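See structure below.
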Amino acid sequence: MSEISAPKGVRDILPDESWKWDYVFGVLRKTAADFGFSEVHLPIFEHTELFSRGIGDTTDVVEKEMYTFTDKGGRSITLRPEATASMVRSYLEHRMGTLPQPVKLWCAGPMFRYERPQKGRYRQFWQVDFESLGSASPYADAEIIALSLEAFRRLGLSRLEVVINSVGCPACRPDYRRRLTEYFSSREGDLCETCRDRMGRNPLRILDCKKESCRQVTEDAPSVYESLCGECREHFDAVRSSLDGLGAVYRLDKRLVRGLDYYTKTAYEVLSGALGSQNAVCGGGRYDNLAEAIGGPHVPGVGFAAGVDRILMVMEQEGCSFGKEPRLDVFGVALDFRSRAAILSVVDLLRKNGISADMDFNDRSMKAQMKAASARNARLACILGEDELTRGTVAVKDLTTGEQKEIAGEGLAQAVKEMLSTLKG
RNA sequence: GUGAGCGUAGUUCAAUCGGUUAGAGCACUGGACUGUGGCUCCAGAUGUUGGGGGUUCGAGUCCCCUCGCUCACCCCA
């Protein structure tokens with residue numbers, strides 16, 4: 001169509017949608033505060049090595065999905081593909097280890113991944129990210145999961161499924177890995193090509209292959225639970241019993257492994273039945289080795305990221321409420337050349353009194369201005385003509401009922417406020 | 001990166017087997033209604049049929065290339 005267009009995989013959030021985003025962020029902000037999380041604003045680009053070391057060199061995200069470039073100072077810079085690594089970097093850089101632990105932070109903003117776009121997947125997408133840093137307690141895990149579920153509940157999402165798993169720790173994962181490799185070797189012929197490739201690199205990933213043939217093989221694969229070390233097993237049991245205590249409904253899924261290297265112990269995802277193929281609305285878990293991986297001291301942490309684009313999509317699909325759409329209070333209408341100059345002052349006066357007001361700037365007919373007032377869905381029209389000018393008044397019309405009254409100029413702001421408050425809605 | 005489907009006005013869609021000047025609803029602008037919106041009626045504006053090449057007397061329609069969009073795989077939010 002037009003040669004003017006945004007790059008592939010990115011999009012504009014226009015006014016008919018942006019107010020809904022405001023609503024969602026408002027709910028999330030309040031939920032964060034209720035759970036004791038403070039907001040931080042982080043940069044959207046970082047040194048490339050933060051991600052390559054933190055997320056893992058062999059992950060898909062780092063191998064082929066990063067927006068990486070060299071800046072004018074010769075540094076390798078990457079547009080963040082996720083926020084957790086930045087969060088931990090910020091914690092370390094600002095010595096938050098000296099604060100009372102855990103430090104609970106959240107942030108919101110765009111993430112970038114070079115992928116082929118499809119439904120629910122963009123190259124720039126928004127996430128809200130919650131991280132609880134400095135505590136190894138299973139209750140921190142449970143709190144994080146509970147927080148994500150409460151946020152979704154408040155937004156009105158219903159068709160959700162929570163799946164959790166434990167991916168072990170450096171003490172027990174090698175053993176599990178060995179047992180998996182052993183098992184898959186015996187069934188190698190039944191695996192797909194990519195899974196055979198995964199055997200050497202990361203056999204855990206075979207578990208979440210969606211091919212039917214591979215799923216049959218993984219059905220009988222050794223379970224993580226038998227391989228978990230005492231500490232991991234205890235931790236996982238504690239997370240589950242606290243979730244039970246909170247009344248959270250979840251499903252254990254031994255196939256859930258997640259794509260980032262830094263996860264230890266708890267891994268979880270929240271899936272929506274209202275989405276298509278890209279149905280994860282939130283994902284997270286514990287990452288006790290991430291801080292060390294990026295060159296810091298040992299700092300345990302747990303957190304999750306939720307996709308805002310997908311949340312909006314699910315809400316739309318499920319018919320959730322977005323609160324009320326912001327509405328213009330007053331539209332100023334002028335009859336002729338003289339009143340046009342005066343109506344600007346009227347609009348200005350209203351604005352300075354906290355009343356939202358707008359007017360026509362194209363010298364259009366009164367009828368056209370009234371039409372514009374309706375099109376803008378204004379509550380009231382303030383009309384000015386010769387008669388009003390000589391009398392020093394303004395005609396105020398309720399655009400819902402059609403009632404109109406004439407109000408003296410001095411009392412206008414007050415009178416409009418009163419009319420708006422009785423309208424309400 | 002791989003596969004499939006689709007590209008006609010701002011938008012949703014028409015256009016016979018390949019046939020003459022590419023149409024309609026909605027939206028937009030103006031008017032009927034020279035001081036009042038929503039309803040009604042009338043009028044108007046808007047297209048490189050995504051782009052390029054080919055076949056043909058003739059292409060929106062068929063073929064090739066390309067770009068874009070969409071969905072799926074991979075992976076994830």
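In the text below, chain A, chain B and the rest are named by the order of the sequence lines, each starting its count at 1. Everything numeric in this text was worked out from a predicted model, so none of it was measured. No hydrogens, no waters, no symmetry mates; every other heavy atom, side chains included, goes into these values.
Side chain of Asp12(A) to main chain of Leu14(A): no donor-acceptor pair is present (N/O by atom type, distance under 3.5 Å, no hydrogens or angles).
In this structure, Gln369(A) reaches neither bases nor backbone, as no heavy-atom distance under 4.0 Å exists between it and the strands shown. Nucleic acid contact class of Glu388(A) (heavy atoms, under 4.0 Å, all strands): base. Across all strands shown, Glu269(A) has no heavy atoms under 4.0 Å from either base or sugar-phosphate atoms. Using a 4.0 Å heavy-atom cutoff across all strands shown, Glu82(A) reaches no nucleic acid atom at all. Residue contacts for Asp387(A): at a heavy-atom cut-off of 4.0 Å it reaches a base atom on one of the strands shown.
Rounded to an integer number of Å, the gap from Met313(A) CE to rA77(B) C1' is 10 Å.
Residue Ser5(A) has no polar side-chain atom (N or O) positioned under 4.0 Å from OP1 or OP2 of rG68(B). Note on Lys367(A): a side-chain N or O is less than 4.0 Å away from OP1 or OP2 of rG37(B). Within the structure, a side-chain polar atom (N or O) of Arg364(A) is placed less than 4.0 Å from OP1 or OP2 of rU29(B). Ser365(A) has a side-chain polar atom (N or O) that falls below the 4.0 Å cut-off from OP1 or OP2 of rG31(B).
When distances are taken from the side chain of Lys371(A) to each of rA77(B), rC73(B), rG38(B), the shortest belongs to rG38(B). Side-chain atoms of Gln404(A) lie closest to rU36(B) of the nucleotides rU36(B), rA72(B), rG30(B).
At a cut-off of 3.5 angstrom, counting only N and O atoms as typed in the model, there is a donor on one side and an acceptor on the other between the side-chain of Lys397(A) and the base of rG37(B).
Separation of the Phe304(A) and Trp106(A) ring centroids does not fall under the 6.0 Å cut-off.
Pairing of rA9(B), defined by two Watson-Crick or G-U wobble distances under 3.5 Å, is not identified with any nucleotide. Nucleotide rC28(B) is matched to rG44(B) when pairs are restricted to Watson-Crick or G-U wobble geometry with both distances under 3.5 angstrom.
Side-chain contact check for Thr84(A) and Glu131(A): at least one donor-acceptor pair (N or O, by modelled atom type) lies under 3.5 Å.
Seen from the ring of Phe236(A), Arg240(A) counts as a face-on cation partner, given the 6.0 Å and 45° thresholds.
Between the side-chain ring of Trp126(A) and the base of rA77(B), no stacking contact exists by the 5.5 Å and 30° definition.
For Arg327(A) against Ala378(A), the heavy-atom pair with the smallest separation is NH2-O, 3.8 Å.
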